[in-house]
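Just below is one structure, and these are the notes that go with it.
Because only heavy atoms are used, hydrogens play no part in the values below, and waters and symmetry mates are left out as well, while side chains stay in. Small disclaimer: the values here were computed from a predicted structure and weren't measured. In what follows, residues are counted from 1 in the order of the sequence shown.
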Amino acid sequence: MPDTPIEPITRKPSTTEHTLSLPQQEIRYTASAEWQTLFEEEKPIASMFHVAYIVQNQQANIRPLTFIFNGGPGAASAYLHIGALGPKRIQFGTQGSLPKPPVQVVDNLESWLSFTDLVFIDPIGTGFSRSLPSDKEGQNKSDEKADTKVSDKAQENQFWEVERDLKALGEFIQRFLSQKKRWLSPIFIAGESYGGFRVAKLAKKLQQEYGVGLSGAILISPALEFSFLAGNDYNLTSWATVFPSLAAAGVHHHRAQWAGEVEDLEHHLDVAEQFARQTLIPLLAMGDIATADERQTAYERMASLIGLPISLVEKLGGRIDIEVFSRELLREQQRILGLYDASITAIDPFPERLNYEGIDPTLDGIDRLFTGAINSHLRDTLGVETDLTYHLLNYEVNKAWKFDIKGDFKQGFIGSVDDLRVGMTLNPYMQVYINHGFFDLVTPYFASNHLANLMKLNPEIRPNLTLKHYRGGHMFYTWDDSRQQWFSDIKELYQKAIK
């Protein structure tokens, strides 16, 4: 619902001091929760909320600084903020299972604050970030522009498109560096999902248009090329790039037959990847030219690797839709899989209906956790006072988002890999790290692997691109083992980037 307080909405900045006790050290830090004003033609048009964690008694120009945002579009930064990177995090089950209410918030022993200062940014329309009312007072009624003045709603909508969104982030980062005197710090950016798309775009834009040199860019479960997000009869790649993740879910739920004598997930995925490249793509590309024997052999292998009945694989013609898979794999148990983490299951509320009409346990199910945790953290721990509603995932933003960029379409779809390639060549020292969870069906890990193999990076900079994936889903960091390993890997990345 829109914010409709009787009194004017308050936006009071808050600065507090805290201590994070880790096994090897005690970190004293300052948390600043405040709004930064964005301008258009020197007029204030929006107020972007952010939380900055700055470690005390450190030399600012040496200590790394990382700007962090999520995706959606329409998602606030709370997922990475309170789920993985900040000094506090939500307590999940050891393998990412959702706990019963109320949500528990604990000290985050894997907070990136131990090796970098952190700035969590909420794009306009998410979190506490809003556009500002347009100034209509004092307008000359004879001004021919007066009757074309944009409405307040339209002013907010202008941020809900690719280029304006990137510009807002670029302006925010540039102004933050100036205000905090951090231009000489090693600068990193990190984003999850559509936030990973933002990172790839900003890897070029920040350096080319805003003069911000990057030491590193971290893409977490990124959506890099939108043509990979949905398959059809004519777009074949997405069916192949999601296949290894289907195989991962199949073996996790004991439905697939292990590829090889040893029950090893990584080996099973290697076999599934090879099948996707060498068998599935050629089969789909042949269409009606493929013989009945070729189809049958491939379908039997598919069914074995992912755990669906051969009859269903045949019916679907080898094109396994993720919503069909998530409902059919455990249908006899009346359970569905999460699309964002297929290792998580939930009861199917409508098991007898032809089409699935329920919820996604890994998207809708986590709202209660993150909404409660981030509101408690911001309002109670950090002392933020505001009448605004914290928009965790604003579907209005998502539905209104404009993807059309003139001259940036690739066969009708928008992408970001070209920007990443240019960014890496502009700065041959920038380290790029791409991470996924094996059980994520929405932004599957093999899509990024496939794109990396097609980037044709110069051998001089190819070592700067690292891909590593973990057990878990879209938010693989909810798994304890994966979060701990990821923390260790990212810490090593920072050391490599700034040495």
Side-chain angles (χ1 to χ4, degrees), residues 66-81 83-85 112 118-123 126 162-163 165-166 169-170 173 187-206 214 216-229 238 241-242 245 339-341 363 393 398 401 403 405 408 410 413-424 430-452 454-455 464-470 472-478 482 486 489-490 493:
T66 305
F67 295 96
I68 303 150
F69 32 82
N70 272 83
S77 64
Y79 298 97
L80 288 173
H81 186 172
L85 310 188
W112 291 11
L118 303 168
V119 184
F120 294 93
I121 308 170
D122 291 337
T126 75
V162 176
E163 277 300 319
D165 170 70
L166 296 172
L169 290 170
I173 291 172
I187 306 300
F188 294 76
I189 52 176
E192 180 180 69
S193 196
Y194 184 79
F197 176 90
R198 284 171 165 141
V199 167
K201 288 279 190 183
L202 288 170
K204 171 187 173 183
K205 185 176 285 288
L206 281 176
L214 296 174
I218 300 121
L219 295 80
I220 306 158
S221 302
L224 293 173
E225 296 288 318
F226 278 76
S227 61
F228 282 21
L229 296 186
S238 66
T241 54
V242 76
S245 292
L339 297 178
Y340 288 87
D341 186 345
L363 181 61
L393 182 57
N398 188 272
W401 200 265
F403 287 96
I405 298 181
D408 198 47
K410 307 293 188 295
F413 293 96
I414 190 170
S416 63
V417 176
D418 278 359
D419 297 83
L420 183 60
R421 291 170 70 172
V422 172
M424 293 181 71
M430 180 177 65
Q431 297 294 313
V432 178
Y433 211 65
I434 300 178
N435 307 126
H436 287 267
F438 291 128
F439 304 122
D440 182 3
L441 307 184
V442 178
T443 58
Y445 79 92
F446 191 52
S448 290
N449 288 14
H450 179 65
L451 288 167
L454 300 176
M455 286 177 71
N464 294 345
L465 175 62
T466 302
L467 294 97
K468 186 169 183 181
H469 313 307
Y470 305 87
H474 199 68
M475 296 187 293
F476 54 85
Y477 46 77
T478 62
S482 296
W486 188 43
D489 293 338
I490 293 293
L493 169 74

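- Leu454 CG to Glu225 CD: the interatomic distance, rounded to the nearest 0.5 Å, is 10.0 Å.
- In terms of heavy atoms, Val417 sits closest to Met455 at CG1-CG, 3.6 Å.
- Inter-residue side-chain proximity for Leu214 and Ile187 is flagged as met; some heavy-atom pair is nearer than 4.5 Å.
- The side-chain contact (heavy atoms from CB on, under 4.5 Å) test with Leu85 singles out one residue from Phe120, Tyr477, Tyr79, and that residue is Phe120.
- Residue Phe197 forms a ring pair (Phe, Tyr, Trp, His ring centres under 6.0 Å) with just one option from Trp401, Phe403, Phe226, and that option is Phe226.
- Contact between Leu224 and Gly196 at its shortest, heavy atoms only, is CD2-O, 4.2 Å.
- In terms of the salt bridge (charged side-chain N to carboxylate O under 4.0 Å, His left out) criterion, residue partners of Lys205 (sequence neighbours excluded) are, by chain and number, Glu163, Glu209.
- In this structure the side chain of Tyr340 never reaches within 4.5 angstrom of the side chain of Met475, judged on heavy atoms.
- With values rounded to the nearest 0.5 angstrom, Leu451 atom CG is found 8.0 Å from Thr241 atom OG1.
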Assess the residue pair Leu206 and Ile189 against the criterion (side chain to side chain contact (heavy atoms under 4.5 Å, CB included)); give the C-alpha distance rounded to whole Å, side-chain angles, the decisive distance to 0.1 Å, and a yes or no. CA-CA 10 Å; Leu206 281 176; Ile189 52 176; 4.0 Å; yes
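- Side-chain atoms of Lys204 do not come within 3.5 Å of backbone N or O of Met424 as any donor-acceptor pair.
- Residues Ala203 and Met430 approach most closely at CB-CE, 4.0 Å, considering heavy atoms.
- Under the 4.5 Å side-chain criterion, counting only non-hydrogen atoms from C-beta, Tyr433 is in contact with Asp489.
- Taking both residues in full, the closest heavy atoms of Ala200 and Leu219 are given as CB-CD2, 4.0 Å, listed atom of the first, atom of the second, then distance.
- Separating the CZ atom in Phe476 from the CH2 atom in Trp486 is a distance of 4.5 Å, to the nearest 0.5 Å.
- Two residues are said to be in side-chain contact when any heavy atoms from C-beta on lie closer than 4.5 Å; Ile490 and Asn435 meet this criterion.
- Two residues are said to be in side-chain contact when any heavy atoms from C-beta on lie closer than 4.5 Å; Ile218 and Val199 fail this criterion.
- Shown here for Ala452 and Leu465, the closest heavy-atom pair between the two residues is CB-CD2, 4.0 Å.
- Between the side chain of Gln431 and the backbone N or O of Ala217, no donor-acceptor pair lies under 3.5 Å.
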Before you tell me yes or no, could you show the steps for Phe69 and Leu202 under side chain to side chain contact (heavy atoms under 4.5 Å, CB included), namely the whole-Å CA-CA distance, both residues' side-chain angles and the distance that decides it to 0.1 Å? CA-CA 12 Å; Phe69 32 82; Leu202 288 170; 3.7 Å; yes
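- Looking at Arg198, its side chain does come within 3.5 Å of a backbone N or O of Asn70 through a donor-acceptor pair.
- Separation of atoms CD1 (Ile121) and CG (Leu169) is listed at 5.5 Å; rounding is to 0.5 Å.
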Just distance, no hydrogens or angles: give the donor-acceptor pairs under 3.5 Å from side chains in residues 437-449, sequence neighbours left out.
| from | atom 1 | to | atom 2 | distance (Å) |
| --- | --- | --- | --- | --- |
| Asp440 | OD1 | Val442 | N | 2.9 |
| Asp440 | OD1 | Thr443 | N | 3.3 |
| Asp440 | OD2 | Thr443 | OG1 | 2.6 |
| Asp440 | OD2 | His474 | ND1 | 2.7 |
| Thr443 | OG1 | Ser221 | O | 3.2 |
| Thr443 | OG1 | His474 | ND1 | 3.1 |
| Tyr445 | OH | Glu273 | OE2 | 2.7 |
| Ser448 | OG | His436 | NE2 | 2.7 |
| Asn449 | OD1 | His469 | NE2 | 2.8 |

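- Taking 4.5 Å as the limit, some side-chain heavy atom of Val162 sits within range of a side-chain heavy atom of Tyr194.
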